[in-house]
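Step one of this worksheet: look at the structure below.
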Number of protein chains: 2
Amino acid sequence: MARRSTQAASEGTDKAKPVTSYDVAREAGVSQSAVSRYFTPGASVSARTRAKILKAVNKLGYQPNAIARSLITRRSSLVAVVVANLGFNPEFTSILGQSLSARGLNTLLFTLDHESDADHVIDQLWQYRVAGVVAAVTLPPRHVDMLSQREIPLVFVNRAYEEVPVNSVSCDQSEGERWLVDELCAAGHRRIAIVSGPEDSPVSRQRVSSAAERLANAGVKPVEIVVADFTYQGGREAMRKLAAGPARPDAIICANDMLAIGCMDEARHALGLRIPEDISIVGFDGSAPGQWASYDLVTIRQPTNLMVDAAIDMLMARIDDPQLITEKRVFSGELVRGASARLADT
Amino acid sequence: MARRSTQAASEGTDKAKPVTSYDVAREAGVSQSAVSRYFTPGASVSARTRAKILKAVNKLGYQPNAIARSLITRRSSLVAVVVANLGFNPEFTSILGQSLSARGLNTLLFTLDHESDADHVIDQLWQYRVAGVVAAVTLPPRHVDMLSQREIPLVFVNRAYEEVPVNSVSCDQSEGERWLVDELCAAGHRRIAIVSGPEDSPVSRQRVSSAAERLANAGVKPVEIVVADFTYQGGREAMRKLAAGPARPDAIICANDMLAIGCMDEARHALGLRIPEDISIVGFDGSAPGQWASYDLVTIRQPTNLMVDAAIDMLMARIDDPQLITEKRVFSGELVRGASARLADT
DNA sequence: CTGAAAGCGCTTACAG
DNA sequence: CTGAAAGCGCTTACAG
């Protein structure tokens, strides 16, 4: 004891002891329960008590301990946001975080390198008793079930899960690809190639198969389908392969904007092709760089803000009522008629 | 009671009750303390007990409750990552999150719209008793003090705080700008303009003043300094202003890559200038788009991976020992001799 | 409206 | 090595 107080006296940089609701109660001359109620929306506290507590709170600089609150209420104000490293629009995470914050929720961010790292993520978010999960990655059905059993609301973004009833908001990939294919065909393109994203990416698979199907309907068989990863370099290499192939295409449908940008750069700067005179290139996403003057992509813009808002609305509704029925919301994309492809006049 | 059990019997979708360490203890036939020790690295548990617990853990699917653990240990495994909306490299957040995760820490992400939203952020991260903070934004001294008093380790990234002793890791902005200025001058540029970022951005201020100073040393007075925000559009508008100005520059130093990209697009696509024949443009950051073939920027590449690793090392060391003395680590950038500027041969 | 008391699920001296 | 017990800082019936 003596030693301890000596230490305390000699150290000017003593750690500030956190203020608890008991400290506030003592200062205000009320019970600890009253202090707690003060911070509980809708709890009954008289105006007089309220005033005393407010004063003490300000004087002591009290902030309720969210950890203790979560322990007793068995639910935190944390929302897990799970994204893939190269997956979605980077701005997506940012917008989502800000929207959550505006609603009093905090963002626990998980960035997956491979979608298979999900095991670890699921453990973590369960350990923290998150209030909900927004996932822009594919989660194995096992994990979806686990969350549902534990009544942790889950909303997918751009992952439809046709086979399982899950909440999701997405952009209509098929419709978008149909629009792109129709535009290319209407402008007379017939030698059309497709650059796919990674084969384990559901988004890529859906876009590629929708495009291929629409082409088939139009009686067009893709001259080639090249698989790449969702990177700039992947786009460049895909373009190189296509140019070296037996039948050079006159139009390329890329599974996303990043690939389209890579294709364009390779076509122009390595192969000396003019766009769209020699070759047309279209993407998908509506990402910012795709709209830069150097690219000016023909693409499908996903309504990111709408999708984020919808996802959060759905999540909040299910945090309030975990029994709420499953819902899938699908937004149309928006055709951006840029200059990276030769299109028919309208 | 009767009502409750009736309900339970009639509802097949009953919420799975979370498993606690008491459940595991009962199942394993040991005390709850033993279970707790099992999950405490270095705690003494006999091999026999360990085996019994492991079995029960697997059978019940037990996961320790991180919230309860944080309450008692008074520290969570959460690290707050505070970034500005348009601030740093978007990949930075991603790399940081993954590095933290690899060290068993979770990321609580705060995206600030204006650096003034910091008040709210500080409250939140304190309420969650985060183990540490990595900030890529400027925090008012008041907040820095608050964290230090509460012994929450704080590391700034690219915010030097000359006046206060704080931990920071940064890229040497001045050195980088000196290199760029020297390269431009050596190649004979004399009519040099500067495109600055927002005036409340310390990063921009430091880059601009370093460049201006080095130019002054070389006897060159900038033909103009234009202020823009750190966006593509900002770059385009800045270029437009410069072209309309009295003395068109033959070289432009931009406060970051994004501005340089905007300038290049405006110069080429709106003004019909050739780069670097008609005008040289340099940036700063080493961002991915700056390296795309359409831009191929002359810029300074910040060693993002090194900086993130250093920041986490510093943070971890201070989580282990909060008294550890303050340290500033400054890394050199790397000159990228791209094709966006006419440079002297070496 | 208010206070005393139980309890959320852990960790950690403490005694054996 | 092991278990009983106290306690982290809250919320929330419960009784007044």
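Any value given below was found using the heavy atoms of this structure, including those in side chains, with hydrogens, waters and symmetry copies removed. Throughout, a chain's letter reflects where its sequence line sits, starting with A, and its residues are numbered from 1.
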Over all heavy atoms of both residues, which pair between B/Arg318 and B/Pro153 is shortest? Give the atoms and the distance, please. O-CG, 3.4 Å
Which whole-number value in Å describes the distance from B/Tyr22 OH to C/dG7 C1'? 11 Å
So does B/Arg142 pair up with B/Asp119, basic N to acidic O under 4.0 Å? yes
Could you check whether any side-chain N or O of A/Ser101 sits under 3.5 Å from a backbone N or O of A/Gly97, counting only pairs where one atom can act as donor and the other as acceptor? no
Check this for me, if you would: do A/Arg103 and A/Asp313 make a salt bridge, where the nitrogen-to-carboxylate-oxygen distance has to be below 4.0 angstrom? yes
Distance check needed: D/dA6 P versus B/Gln32 CD, whole Å only. 14 Å
Distance test, side-chain N/O of B/Ser21 to OP1/OP2 of C/dC10, below 4.0 Å: yes
Examine C/dG9: is either OP1 or OP2 under 4.0 Å from a nitrogen or oxygen in the side chain of B/Thr20? Give yes or no. no
Respond yes when some side-chain nitrogen or oxygen of B/Tyr62 is under 4.0 Å from OP1 or OP2 of C/dC10, and no when none is. yes
Between A/Arg69 and D/dT11, is there a contact of a side-chain N or O with OP1 or OP2 at under 4.0 Å? yes
Could you check which of C/dG3, C/dG9, D/dC8 has an atom nearest any side-chain atom of B/Arg74? D/dC8
Could you let me know what D/dA15 is paired to, Watson-Crick or G-U wobble, both distances under 3.5 Å, or none if it's on its own? C/dT2
What is the distance, to the nearest angstrom, from the CD1 atom on A/Ile72 to the P atom on C/dA5? 16 Å
Here the residues of residues 33-58 of chain B within 4.0 Å heavy-atom distance, strictly under, of DNA chain C are B/Ser33, B/Ser36, B/Arg37
